Amino acid sequence: MTNEQNSGISRRAFLGLGATAAAVAGLAGCAPQTPAEAPAAGETLSQTGGMPMADNGASAGPDTQGLHSWEIAPEPIPADEITATEDTDVLVIGAGLGGCCATLAALEEGAKVITIDKNSEQAIARGVHIAGFHTKVQADLVKQGLLEEPDYVHVVRRWINWAQGRVKEPLLWEYARKSGACFDWLYDIAKAQGLEALLWDGYYKGPDYTEYPVTHIFYKEGMLEETVNFTFYQGSGVGDVYGNAVLVPALYDAIAANGGEIRWETKSERLVRDGEGPVTGAIVSTPEGMVQINAKSVVIASGDYAADDEMFQYYAPMTAYAMDARYYNPPDCDTGDMHKQAIWIGGAMQRSEPHAAVMHLDFGAASYGFLHVNWEGKRFKNEDVNTQSKSVTKALQTQKEAWTIYDANGLKAVKQQMDAGLGGGLQWGQLTQPVGGEYNLEAQEIVLQGEIESGLTQTADTLEELAGLMGVPAENFVATVERYNELCDLGKDLDFGKRPEVMAKVVEPPFYAGKLEADLLTMCGGLRTDLETHVLDANDQPIEGLYVCGSAAGDFFGAGDYPTYVPGIGHGRCVTFGRMAGINAAGGNADEKIPDLDLFA
């Protein structure tokens, strides 16, 4: 039996953290929980980039005292604990969107594929939006005169700008070239399973934070009206109508129809690698015991690590503070298992830190573009931005509480803004508004009533009473509203530079205050990877037989924040790089098989 891991020091490879980031990590309370260990045989510690480094490239942790617990490989699993072995061509670890795409792509290459997931089959996939460039859905809307496609070169350039260059740029260009063809491939599979797709029109259309019409939503064929009218407070549930909750089960059916197998409640415990050789499988735990699955290739599609508090606090200390809640489905399953197991056998995490977070105002009150006030009842920002920016900015206040303020005419003003193409984005535009449709005021009024009943939104007939319900100083709050109304009348926001066309006065009761909640959905940092979707080691060399896709993959997003310029890009990369990983893992050539979009035509 091959060795699973040289025990002792891991191969973590972050060569440029330095003293400043180390100090930040220490202040965040995320110093290593494991004392320093002696170098493994044949290794010495040397000083590189301001931190002790093992010869194999592993750092000694942010406080220079030792490795993080997740970096230290546990003892190998004894051979006598392994009750069975079996062989396959490709082992896919994770049965979410990325894992399903990898599985289907490998099956199409003629490979024998086993897909495992540690969760139960009853797990419901979360998420709605999937980005793709120049898809057949977009092309059809162009033919109808309902859509003008963006300049995708410009989109990528803005994406790089958002990331401040802290991305592996070839990955972004590869996505731009391949995502349309990969979405169309997924669309054909989904359509055969009784699904259809629309293009989202609720994206942000402001001049400075412009988003792009690249975001798709799958829904059950014949249920477009239910999808467009959906709210979380009335009507059909997401699982009945649209989003990944209907897409992923359809992919499960497609996998079964193509001869694939998904094994639930089956968790990878160790990747199998002999020294510097290829990865040759994994040892997995099942309800019946430990099994070694020997595979020619392994695809990691296991999601993020936000439920591992030590990793989360280290890689994203500001996000850990800024978020008010964390939503993942199934809850707390995103423990970074495969990040760790890849590190134990020589894989390296991306260099850029802190890692990007998908943090939106999804589960508080809808924010819209209205006046926002902080815990003191004072305005603190230009509200004419995307949901990601609002989630972070409110956390820079002395206290994180913040509210969106509007009056009896507020929702009508939102409809006017959206129908005129002035604003939008999550929690301003509507989640399922299609290109060619219009803002659904009736549905949004249902949302408002649901928010009031759930306590997310307070309402009162006077500003003073509303301030009391919010728990903010009434004098400050009234003065803030009066000042904002003055700026609305002036037609110029002298305080924060907000566009006058999206400013709405607060004058007619009843008045509303919606509580803003920053919700972490996904952490986007992960394992180093290349254009073939290999996992890379500390020297940026591919580890033979080991591939990665989805949220477990790194190098795709910049430091700090998810780029809402391209809504749905997280799921989009699951589809694109999931398909590529499956093809390559099965011995095919994804670059040759998947046609390129000519970005410069």
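Model, not experiment: these values are computed from the prediction.
Here the straight-line distance linking atom CD1 of Ile189 with atom CG of Asp253 works out to 12.5 Å at 0.5 Å rounding. One distance of note links OH of Tyr328 with OG of Ser551; it measures 5.5 Å at 0.5 Å rounding. Atom OG1 in Thr387 sits 6.0 Å away from atom CG in Leu426 (nearest 0.5 Å). Here CD of Glu517 is found 10.0 Å from NZ of Lys400. Values are rounded to the nearest 0.5 Å. Interatomic distance, OG1 of Thr231 versus CG of Leu431, reported as 11.0 Å (0.5 Å rounding). Rounded to the nearest 0.5 angstrom, His360 NE2 and Ser391 OG are separated by 7.5 Å.
In this structure a side-chain-to-backbone donor-acceptor pair under 3.5 Å is present from Asp419 to Tyr439. Side chain of Arg379 to backbone of Val373: no donor-acceptor contact under 3.5 angstrom is found. Between the side chain of Lys390 and the main chain of Lys381, no donor-acceptor pair closer than 3.5 Å is present. Within the 3.5 Å criterion, the main-chain N or O of Asp561 finds a donor-acceptor partner in the side chain of Trp162. Between the Gln397 side chain and the Lys394 main chain, no donor and acceptor come within less than 3.5 Å of each other. No donor-acceptor pair closer than 3.5 Å links the side chain of Thr115 to the backbone N or O of Ala95. When atom types are taken as modelled, the side chain of Glu265 and the backbone of Pro287 share no donor-acceptor pair closer than 3.5 angstrom. Side chain of Trp375 to main chain of Gly471: no donor-acceptor pair is present (N/O by atom type, distance under 3.5 Å, no hydrogens or angles). When atom types are taken as modelled, the side chain of His571 and the backbone of His129 share a donor-acceptor pair closer than 3.5 angstrom. For the pair Thr459 (side chain) and Phe511 (backbone), a donor-acceptor distance under 3.5 Å is present.
Residues Gln350 and Gly554 approach most closely at OE1-CA, 3.1 Å, considering heavy atoms. Residues Thr215 and Pro567 approach most closely at OG1-O, 2.7 Å, considering heavy atoms. Considering all non-hydrogen atoms of both residues, Ser389 and Val385 come closest at CB-CG2, 3.9 Å. Minimum interatomic distance between Asp304 and Thr522 (heavy atoms only, all atoms of both residues): OD2-CA, 3.3 Å. Across all their heavy atoms, Leu456 and Ala365 have their closest contact at O-CB, 3.8 Å. Closest heavy-atom contact between Met523 and Ala356: CE-O, 3.3 Å.
Between the side chains of Gln449 and Glu453, at least one donor-acceptor pair of N or O atoms lies under 3.5 Å. At a cut-off of 3.5 Å, with distance as the only test, a side-chain donor of Trp428 or Gln417 sits close to an acceptor on the other residue. The closest side-chain donor-acceptor pair between Ser367 and Gln427, if any, does not fall under 3.5 angstrom. Donor-acceptor pairing under 3.5 Å is recorded for the side chains of Asp384 and Tyr204.
For Gln399, the CD atom is densely surrounded, since the number of other residues' heavy atoms within 6.0 Å is greater than 12. The number of heavy-atom neighbours closer than 6.0 Å to CZ of Arg166, taken from other residues, nucleotides and ligands shown, is 12 or below. More than 12 heavy atoms of other residues, nucleotides or ligands shown are found within 6.0 angstrom of CD on Glu221.
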For side-chain hydrogen bond (donor to acceptor under 3.5 Å, both in side chains), just list the numbers for Thr335 and Lys118, CA-CA rounded to whole Å, side-chain angles, deciding distance to a tenth of an Å, and then say yes or no. CA-CA 11 Å; Thr335 47; Lys118 68 181 182 181; 2.9 Å; yes
Decide yes or no on ring pair (Phe, Tyr, Trp, His ring centres under 6.0 Å) for Phe133 and Tyr175, but give the supporting numbers first. CA-CA 9 Å; Phe133 294 179; Tyr175 176 85; 5.4 Å; yes
Side chain to side chain contact (heavy atoms under 4.5 Å, CB included) assessment of Thr576 paired with Met580: CA-CA 6 Å; Thr576 299; Met580 292 174 64; 4.1 Å; yes
Trace of the side chain to side chain contact (heavy atoms under 4.5 Å, CB included) decision for Ile300 with Gln341: CA-CA 10 Å; Ile300 294 173; Gln341 291 177 44; over 6 Å; no
Evaluate the side chain to side chain contact (heavy atoms under 4.5 Å, CB included) criterion for residues Leu198 and Tyr242: first the C-alpha distance (whole Å), next the side-chain angles of each, then the deciding distance (0.1 Å), finally the verdict. CA-CA 10 Å; Leu198 61 83; Tyr242 72 93; over 6 Å; no
Check the pair Met470, Ile405 against side chain to side chain contact (heavy atoms under 4.5 Å, CB included), reporting the backbone distance first and the verdict last. CA-CA 11 Å; Met470 297 160 60; Ile405 309 300; 3.8 Å; yes
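Remark: aromatic rings of Tyr252 and Trp264 are close, center separation under 6.0 Å. The aromatic ring centres of Phe577 and Tyr547 sit 6.0 Å or more apart. Residues Trp159 and Phe556 bring their aromatic ring centres within 6.0 Å. Between Tyr562 and Phe557, the gap from one ring centroid to the other is short of 6.0 Å. Two rings, from Trp70 and Tyr305, have their centers 6.0 Å or more apart.
Inter-residue side-chain proximity for Leu104 and Ile255 is flagged as met; some heavy-atom pair is nearer than 4.5 Å. Looking at Ser268 and Met338, their side chains come closer than 4.5 Å, going by heavy atoms from C-beta outward. The shortest distance between side-chain heavy atoms of Ile130 and Leu247 falls below 4.5 Å. In this structure the side chain of Met323 reaches within 4.5 angstrom of the side chain of Phe312, judged on heavy atoms. Side-chain atoms of Thr266 and Ile114, non-hydrogen and from C-beta on, never get closer than 4.5 Å to each other. Side-chain contact between Val575 and His216: absent, with no pair of heavy atoms (C-beta onward) separated by less than 4.5 Å. Under the 4.5 Å side-chain criterion, counting only non-hydrogen atoms from C-beta, Pro74 is in contact with Arg270. The shortest side-chain heavy-atom distance between Thr529 and Leu527 does not fall under the 4.5 Å cut-off.
Salt-bridge formation is detected for the pair Glu261/Arg263: a Lys NZ or Arg NE/NH1/NH2 atom is positioned less than 4.0 Å from an Asp or Glu carboxylate oxygen. Salt bridge absent: Asp324 and Lys515 never bring a charged side-chain N and a carboxylate O closer than 4.0 Å. Look at Lys415 and Glu438 and you find a salt bridge, because one of the NZ, NE, NH1 or NH2 atoms lies within 4.0 Å of a carboxylate O, short of that distance.
Ring-plane geometry between His372 and Phe380 is classed as tilted, the angle between the planes lying from 30 to 60 degrees on a 0 to 90 degree scale.
Partners of Tyr327 by ring-ring contact (aromatic ring centres under 6.0 Å, His included), not counting sequence neighbours, listed by chain and number: Phe363.
Screening Asp334, Asp308, Asp519, Asp362 for a salt bridge (Lys or Arg N to Asp or Glu O under 4.0 Å) involving Arg326 leaves a single residue, Asp334. Applying the side chain to side chain contact (heavy atoms under 4.5 Å, CB included) test between Phe370 and each of Tyr406, Tyr512, Trp403 identifies Tyr406 as the sole match.
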